[in-house]
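Remarks on the structure that follows.
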Amino acid sequence: MSRLWNIADLIDLHFFCRLDDEVRRKEGEAVLAKRDRVIYLAKIEPQLGKVDDVPPRLLVRKWLAMRRLQYRQEKGHEDQPLPGGLWRELSVLGRGLVLLLGVLLGAGTAGSLLLYSGATPLNVSLFFGLFVLAQLGVVALQGCFLLYRLLRCLPLEATSLYLMLGRAMVRGMEGVRRRMHRRLSGRQRLDLAALIGAIQQRRELAVLLLWPAFILVQLGGIGFNLGVLGATLSKVVFSDMAFAWQSTLQLSPELVADLVRWLALPWSWFVPQAFPSLAQIQGSQMVLKEGVTHLATADLVAWWPFLCCSVAVYGLLPRCLLLVIGWIRQRQSLEGLHFATLNFRPLLQRMTAPRIDTNGVVEPVAARRPPQAASA
C-alpha cells in the first residue's frame, strides 16, 4: 500500500468501530452487514479488481476512507472534525510547544550560568558537566533501557521508562482537554473524549503512543541544546566572556589537554581551531589564591569554540539521531499492524462474505387477480 497508516487513522478507525457498536446494539447486526457489503461491492472491489487474496490492512484502509466520506456527508457532521483530525492538531501543537519550551529552558539555564561580572572567569568544568555530561548520562540511560528490552526480548510496553512516557502522554492529553473544555463545542468535547477513551481502552493505540512520547522527549532535548547554543553564542558575540578551568583533584594541564583532544576528535579534523592547545590550557588554569591577574585574555577566550562544539556533538547530535530512530520505529510499528485480529475479523467478514437476502417480494394488491369461480 502506497500510503502508510498513521495514528490519526487508527483513532478514526476505532471511533467508527465504537459507532458501529452503538448501531449494533440499537438496530442489529443486519444493518451493518448490509452497509459494509454495499461499500465493498460498490467502492472497494471496483478499485482492487478481482483479487483473490487482498491484505486485510488494505481492505480496512479502504473501508475507513469510505466511512469518513459517509460521515462528512451525514447531516450535522459537515463541519465537525473527526477525532483523528483533533489528534493531528494536538500533536502539531504539542511538538511546537515542547520544542519552544526546550529552547526557553536551555537559553534560560545557559544565560543564568553565563552571567559574567568581569571578576571571575566562568568555570569550564561546570559548563561541560551540566550541558554535556548530564545529557550524555540521560542518553546512556535510554540506551540501557533499549538494550535491556532487546536482551530480555521484552515488548515495548513492558519497559518501565516507556510505559511512564505513554502514561505521561495520556495525562497530558487529558490536561489539554480540561484546559480547552470551555473553548470547545459540545460535539468537539465528545470527539476529544472519544479520542482519549479509545487510546486508554485499545492496547495497540496505547503502545503506539509510546513513540510519539519518545519523539516529544527528543524534541525537547533538541530545543534545550539549541537554546544553550544560542545563549552561549549570543554571550560570546555581544559581550566579553572569559572561561577558565579549575579542580580540587590537582589535575595536570597535560592530562586536561589529552582529555580535550580526545573529546574534540569528532570535529578536530575539519575545525582544528575549535579546541584549546596545551599552552592555552596552561594559561587558563585558575588558582583561587593567585587570582586572575596572571591569566591572558587570549587563553581565556580559547574555550568557547570547544564548549559550543561539545554541546552540538554530544548534546544536539544524539538527540537528532534518537529523533530519527523514533520516527523509524513508529513507522515500523504502524507497518506491523496486519488487522487480522479478532477485533477486525467481523468487519472483514461483513465486507467479503456473500450476503443472501431472504426477504420475499410482496405483490401489489392491485395486481392480484380474484380467484376464478369453479365451473358447475
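Numbers for residues simply follow the sequence, beginning at 1.
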With a 4.5 Å heavy-atom cut-off, do [X] and [Y] have their side chains touching?
X	Y	result
Leu64	Phe15	no
Asn6	Asp9	yes
Phe16	Leu82	yes
Gln273	Pro305	no
Arg67	Arg35	yes
Phe275	Ser268	yes
Phe224	Val103	no
Ser277	Ile281	no

Return yes if some donor-acceptor pair links the side-chain N/O of [X] with the main-chain N/O of [Y] below 3.5 Å, else return no.
X	Y	result
Trp267	Ala274	yes
Arg37	Thr352	yes
Asp12	Gly84	yes

inquiry  = Parallel, tilted or perpendicular, judged at 30° and 60°: which one describes the rings of Phe306 and Phe128?
reply    =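 Rings of Phe306 and Phe128: parallel, under 30°.
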On the 0 to 90° scale, with breaks at 30° and 60°, tag the Phe339-Phe344 ring pair as parallel, tilted or perpendicular.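 It falls in the perpendicular class, over 60°.
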field: Ion pair Arg18/Glu22, N-O distance below 4.0 Å
entry: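 Looking at Arg18 and Glu22, the cut-off is met.
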Spatial distance of atom [atom1] ([X]) from atom [atom2] ([Y]) [nearest 0.5 Å]:
X	Y	atom1	atom2	answer
Ile44	Trp63	CD1	CH2	9.5 Å
Phe214	Arg329	CZ	CZ	10.5 Å
Arg331	Trp5	CZ	CH2	16.0 Å
Met241	Leu233	CE	CG	11.5 Å
Leu59	Glu45	CG	CD	10.5 Å
Ile222	Arg319	CD1	CZ	8.5 Å

* Asked: Are Val324 and Ile328 close enough, and set up right, to give a side chain to side chain contact (heavy atoms under 4.5 Å, CB included), and what steps lead you there?
  -> CA-CA 6 Å; Val324 174; Ile328 294 175; 3.9 Å; yes
Path from [X] to [Y] over hydrophobic side-chain contacts below 4.5 Å:
X	Y	value
Leu263	Leu133	yes
Val236	Val311	yes
Tyr314	Val271	yes
Leu130	Leu259	yes
Val31	Leu347	no

Q.
Could you check whether atom CZ of Arg24 has more than 12 heavy atoms from other residues, nucleotides or ligands sitting under 6.0 Å from it?
A.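 It does: Arg24 CZ has more than 12 such atoms within range.
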If you take all heavy atoms of Pro266 and Val313, which pair is closest and at what distance?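 What the structure gives for the nearest pair is CB-CG1, 3.9 Å.
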What's the shortest heavy-atom distance between Ser234 and Ala231, and which atoms?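 So the minimum-distance heavy-atom pair works out to OG-O, 2.8 Å.
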_Evaluation steps, side chain to side chain contact (heavy atoms under 4.5 Å, CB included), between Trp327 and Trp211_ = CA-CA 8 Å; Trp327 282 112; Trp211 290 116; over 6 Å; no
Next on the checklist: Show every side-chain hydrogen bond (donor to acceptor under 3.5 Å, both in side chains) that has at least one partner inside residues 220-230, sequence neighbours left out.
Outcome noted: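 Only Gln135-Asn225 qualify under side-chain hydrogen bond (donor to acceptor under 3.5 Å, both in side chains).
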Of all residues at least two apart in sequence or in a different chain, which pass the ring-ring contact (aromatic ring centres under 6.0 Å, His included) check with Phe127?
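Phe131.
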Side chain to side chain contact (heavy atoms under 4.5 Å, CB included) between Leu86 and Glu89, intermediate numbers included | CA-CA 5 Å; Leu86 292 176; Glu89 296 177 2; 4.2 Å; yes
| said: Between Val98 and Arg95, is the side chain to side chain contact (heavy atoms under 4.5 Å, CB included) condition met? List the steps. | reply: CA-CA 5 Å; Val98 168; Arg95 291 169 187 170; 5.9 Å; no
Item to complete: Go through the steps for Trp304 and Thr232 under the test side-chain hydrogen bond (donor to acceptor under 3.5 Å, both in side chains), then give the verdict.
Response: CA-CA 8 Å; Trp304 73 264; Thr232 304; over 6 Å; no
